[in-house]
Amino acid sequence: MAKRYWLMKCEPSAYTIDDLQRDGSTAWEGVRNYQARNFMRDDMQLGDEVLFYASNAEPSGVTGLAKIVRAGYPEKLAPWVMVDIGFAKNFKGTVPLETLKTTKGLEKMVVTQKGSRLSIQPVTKDEFAIVLTLAKTIRSSHSSHS
DNA sequence: GCCAACGTTGGC
DNA sequence: GCCAACGTTGGC
């Protein structure tokens, strides 16, 4: 099956891309939404690429990349399912949701739709590539020019 | 912290 | 199977 692309949300108070970089990989436990579970159970495959999204952040947005390093397997608590994700890249900053919403080609991206609360979302190959391009334009938050 | 949007639960 | 009540998500 061809490689797929995903977006996975997490609040920074729970887990960040920095944490994933430190840990190398982590089990994505605790998803309690059937649609998101079905994506993990049925569609996520080893090697799929993931946009790591910080929700409830300042600003909320994509902060890095991950990849699926273990396909769906059951949690102790049925009927829930988890995957393992591995660290791929830590952006120098955030690609904010606001930028995603105003970027041509991302009009249909799930995360830019109003009321999109789903914590695991499919992303098209084109959308993924556009977000990568946006990430390259991030200026380091540490830089200050006069 | 507010609250709109959405998912889930449970009485009927 | 409807739908009101309730709980959660997540942008702002």
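Not measured: the values here are computed from a predicted model. Labels below follow one simple rule: chain letters A, B, ... track the order of the sequence lines, proteins then strands, and each chain is numbered from 1.
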At under 4.0 Å, does any side-chain N or O of [X] touch on OP1 or OP2 of [N]?
X	N	answer
A:Lys114	B:dA4	no
A:Lys9	C:dT9	no
A:Tyr53	C:dT9	no
A:Ser60	C:dG11	yes

Want to settle it: does A:Asn56 or A:Gly115 sit nearer the 5' end of DNA chain B, counting the closest nucleotide to each?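 Closest to the 5' end, via its nearest nucleotide, is A:Asn56.
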Between [atom2] on [N] and [atom1] on [X], what's the gap in Å once rounded to a whole number?
X	N	atom1	atom2	answer
A:Gln121	C:dT9	CD	C1'	12 Å
A:Leu7	C:dG10	CG	P	10 Å
A:Leu118	B:dT8	CG	C1'	15 Å
A:Tyr34	C:dT9	OH	C1'	17 Å
A:Arg117	C:dG7	CZ	P	14 Å
A:Asn33	B:dC6	CG	P	13 Å

With a 4.0 Å cut-off on N to O distance, would you call A:Lys76 and A:Glu29 a salt bridge?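 So A:Lys76 does not pair with A:Glu29 through a salt bridge.
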Whether A:Lys67 and A:Asp48 form a salt bridge (side-chain N of Lys/Arg under 4.0 Å from carboxylate O of Asp/Glu) is what I want to check.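 Salt bridge between A:Asp48 and A:Lys67, a charged N being under 4.0 Å from a carboxylate O: no.
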Please confirm whether the backbone N or O of [Y] pairs with a side-chain atom of [X], one donor and one acceptor, at under 3.5 Å?
X	Y	value
A:Thr102	A:Thr99	yes
A:Thr112	A:Leu106	yes
A:Asp19	A:Thr16	yes
A:Glu107	A:Lys104	no

Aromatic plane relationship, A:Tyr15 with A:Phe52 - under 30° parallel, 30 to 60° tilted, over 60° perpendicular: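 Plane angle between 30° and 60°, so tilted.
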Taking the six-membered ring for Trp, are A:Phe128 and A:Tyr5 parallel (under 30°), tilted (30 to 60°) or perpendicular (over 60°)?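 Plane angle between 30° and 60°, so tilted.
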For the helix from B:dG1-C:dC12 to B:dC12-C:dG1, figure out the bend between the end axes, five pairs an end, and round to 10 degrees.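 Both end axes considered, the difference amounts to 10°.
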Is A:Tyr34 isolated, or which residues cluster with it under the ILVMFWY side-chain rule of less than 4.5 Å, directly or via members?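 A:Tyr34 clusters with A:Leu77, A:Trp80.
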What are the residues of residues 94-108 of chain A, sorted by number, that bring a heavy atom to within less than 4.0 Å of DNA chain C?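 DNA chain C contact set from residues 94-108 of chain A: A:Leu97, A:Lys101.
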